J.: 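Handing you this structure, nothing more for now.
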Amino acid sequence: MRQILFIIACLVSCTASAKEWLVHSQAQYLEAAKSLRAGDTIILANGEWNDFEVLLTGAGTADKPITLTAETRGQVILTGQSNLRLAGEHLVVSGLVFRDGYSPTNTVISFRRTKGEYANNSRVTEVVIDHFNNPERFEPDSWVMMYGKHNRFDHNHLEGKSNQGVTMAVRLDSAESQENHHRIDHNYFGPRPVLGSNGGETLRIGTSHYSLTDSHTQVENNYFDRCNGEVEIISSKSGKNVFRGNLFYESRGTLTLRHGNGNVVENNVFLGNRVDHTGGIRVINKNQTIRNNYMTGLTGHRFGGALVVMNGVPNSPINRYHQVENSVIENNSVIDSDHIELAAGADDERSAPPISTRFRNNLIHNPDAADSIAVHDDISGIEFSGNVLVGVNAPANTPGFSNESMALEKGSNGLLYPVGSHAGAVRDLKVLDKASTGVAWYPKPGPEVGFDSGKTISVDASVGALSAAVAKASDGDIIELAAGTHVAEQVLVVDKPLSFRSADGGTATIEFERTALFEIADGGSLKLSNLKITGASSMDVAGNTVIRTSRYSMLNNYRLRIENVTVSDLDTNHSFNFFTVAKHTFADRIDIRGSVFSNITGHVLQLDKESDDLGLYNAEYISIVDSKFTGIDGSVASIYRGGTDESTFGPHFELRDSVLDSVGKGKRNKSGASIALLGVQATSIHGNRLSDSQPIRVTLTVGDPVTTIFDNQFNSTEEPQVREL
Ligand code: CA
């Protein structure tokens, strides 16, 4: 039967020299794929291919490649435990979509069959990988691994990598994969959420071990859309790579020349739109060229600045920091960006400042940040010339800068140029068109779904009304509660962005009978406003909580917002929290505004479940403003970020204009603190009044944390205790 099917399929277009197979099953694919010859094509029939590990091998030629493609591009969907491996010569794969599953191996697309069997002169184009994530957030894998030589990865769409592991890597771990001359071009690298750990890079080329080897990989005309995984968007760890014509849109982190020499970074555009931690280019090592790049609206600081030239380690081990040497930084435009860092990272270990390096003809414009150029060590090894500053102070005692008051005008490419000067990037710099990247037949994602962006669902106080409303709600909907007391008999599972509020600014009260009222499940976000919540009817067991995350690992980051909410009587038993998270869950934001919490036997925000000291944590931004806490046995916030790794920007914590009265004195509050922060990278505590409470305890561990505590009142409360580990 199988043979007959093949004969029929082959009738579609069989010539003497090249065959074309339209296959409908994995068995048919295996049959067709076992003896492919130059010029042959296998076409996967439209539909879903579940649990399909595709292996394409053979020897095509430049004129007659071996092709694997889709009957219709975008209508061949690989789901479940699927992946793709290529090994051989002149192989081309196109038109496939990977979604609704994840690879059973450590890679979705690999340019090798196994160690020693590589693909060369091969191409993967117009392939989509969409949220194809291992469900365990910290089970690492990568979506694309390039091996071999002279391969091309172009016009692909990679969106939503959210478990640990670099999205795409070029490997140089064998002679067959070095000096590879790969091309990575016109790809759409879609949103990659904050991972909250190292291992969230979007593209890595090489590893420190092989970093003195040249790769010759060209990374051209790719669109990096909100690639926020960690501090490195791109980590170049090999030599002679070229990064040209790429666009970085609202991406947190930098293009980092981490290891390896002789790289070129030119004609790239960085659009930060003043999003927190957006950065540009970080320079380490020798013979690097950074020219004609355009950066605007970048807010990042320290290693995440718009332009960062690092200090090195004398006689550096291969995995630390080689000194910047014989490098050129020229004709770049840095506009409305907050930080340029020279000799960055200078400390006892990184004591070798840049040498024999030129910094010339750059335009640096920022009337709002006169001190945006920071100098951390001796910069006499950098020769400055022809740089134009607008509104920015030159480094002290350093020639090669002129202060001008020139205006900027918009060029035909939409970028800003100084009137009457040629400093900065060229006038005809091409701004990459997003539509020219990825594929035309798969939509690129829009903005995140905001709270209150959907329809309003009204609920009365009858039994089961809340659960029924949640069941029928869609993304962004508002569930509006009539005045009166609503009793939740079931946990309300929120797996999409949802808001709950009282109708007409009234006073709806929610009681709940289980151990939790809300559970934020994967994909969910929760906003509560103008409500009263009481724990008085909840079960009489220890460890209740008003809100919890899923008890299991969550791939999607969530948001929690509490506005004008009164929470009381979380005291049916001990250790009753307001919010409890599970290990391997992550909040993009937790905001509390204008709310009142009283009579609670546990913590308000317990964000300390990543206790393994691996550089992980549970929330990126925690902000509490204009709120009141009275009679809390535990802490208002317990935040833990252990480990010594420097790959994350967060966590960030803010407490402002709030009142804490009798907080933290319960006998089960192990930290002995009203606020317990460990490893937080940015802390701002001001305008608060604390009375009869345990002290604020801040433990600084790693990185260069910024901690500001001022203008607070402490009555019968010890002063804040800040210590460095
Ligand atoms: Ca990293």
Side-chain angles (χ1 to χ4, degrees), residues 106-107 133 137-146 158 161-173 184 189 191-211 215 217 219 224 226-238 241 243 248 251-260 263 265 276-285 300-305 308 310 312-313 316-322 341 344-345 350 557 586 610 612-617 620 641-651 679 681 701-704:
N106 62 16
T107 316
N133 293 312
R137 186 180 182 96
F138 288 101
E139 181 66 35
D141 61 17
S142 290
W143 280 1
V144 184
M145 289 274 195
M146 285 184 100
L158 308 183
K161 178 78 158 75
S162 46
N163 64 321
Q164 191 174 34
V166 57
T167 306
M168 174 168 185
V170 174
R171 304 301 307 269
L172 279 74
D173 56 356
I184 299 169
F189 291 98
R192 169 148 204 183
V194 175
L195 179 63
S197 163
N198 191 13
E201 305 89 348
T202 293
L203 174 62
R204 194 188 72 217
I205 304 177
T207 54
S208 61
H209 189 76
Y210 299 98
S211 60
S215 185
T217 294
V219 179
F224 294 87
R226 293 163 279 170
C227 291
N228 297 337
E230 60 143 276
V231 296
E232 295 172 303
I233 307 166
I234 296 177
S235 185
S236 183
K237 296 185 169 180
S238 49
N241 298 310
F243 302 89
F248 297 83
S251 291
R252 294 157 57 111
T254 62
L255 191 175
T256 304
L257 300 178
R258 184 65 187 84
H259 300 295
N263 298 286
V265 181
D276 223 13
H277 300 296
T278 46
I281 300 163
R282 182 155 73 109
V283 185
I284 306 154
N285 309 294
H301 72 290
R302 195 171 177 249
F303 294 180
V308 183
M310 293 283 294
V313 175
S316 176
I318 195 143
N319 64 344
R320 291 301 291 159
Y321 288 84
H322 286 136
E341 313 273 357
R350 284 181 295 236
N557 298 352
F586 194 80
E610 302 293 356
D612 298 329
D613 293 340
L614 296 173
L616 278 57
Y617 53 105
E620 187 69 9
R641 193 277 192 206
T644 56
D645 174 85
E646 294 185 61
S647 299
T648 70
F649 293 119
Q681 296 296 299
T701 58
V702 71
D704 196 6

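Each ligand, and each atom within it, is numbered from 1 in the order the structure gives. Because the structure is predicted, anything quoted here is derived from the model rather than measured.
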J.: Give the C-alpha distance, both sets of side-chain angles, the deciding distance and a yes or no for side-chain contact (heavy atoms from CB on, under 4.5 Å) between I234 and F248.
T.: CA-CA 11 Å; I234 296 177; F248 297 83; 3.8 Å; yes

J.: Applying salt bridge (charged side-chain N to carboxylate O under 4.0 Å, His left out), can you list everything that pairs with E201, at least two apart in sequence or on another chain?
T.: none

J.: Using the test ring pair (Phe, Tyr, Trp, His ring centres under 6.0 Å), find all partners of F189 that sit at least two apart in sequence or belong to another chain.
T.: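 If we apply the ring pair (Phe, Tyr, Trp, His ring centres under 6.0 Å) test to F189, skipping adjacent residues, the hits are F224.
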
J.: Looking at Y321, is R258 sitting on its ring face, NZ or CZ under 6.0 Å from the six-membered ring centre and within 45 degrees of the normal?
T.: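 Yes, R258 and Y321 form such a contact.
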
J.: Using atom types as modelled and distance alone, determine if a side-chain donor or acceptor of N133 lies under 3.5 Å from a backbone N or O of S162.
T.: yes

J.: I want to verify a count. Protein N, O or S atoms less than 3.0 Å away from the Ca ion (ligand 1), how many are there?
T.: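 With waters ignored, the protein N/O/S count below 3.0 Å is 5.
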
J.: Considering residues at least two apart in sequence or located in another chain, which fulfil the ring pair (Phe, Tyr, Trp, His ring centres under 6.0 Å) criterion with H277?
T.: F649, H652

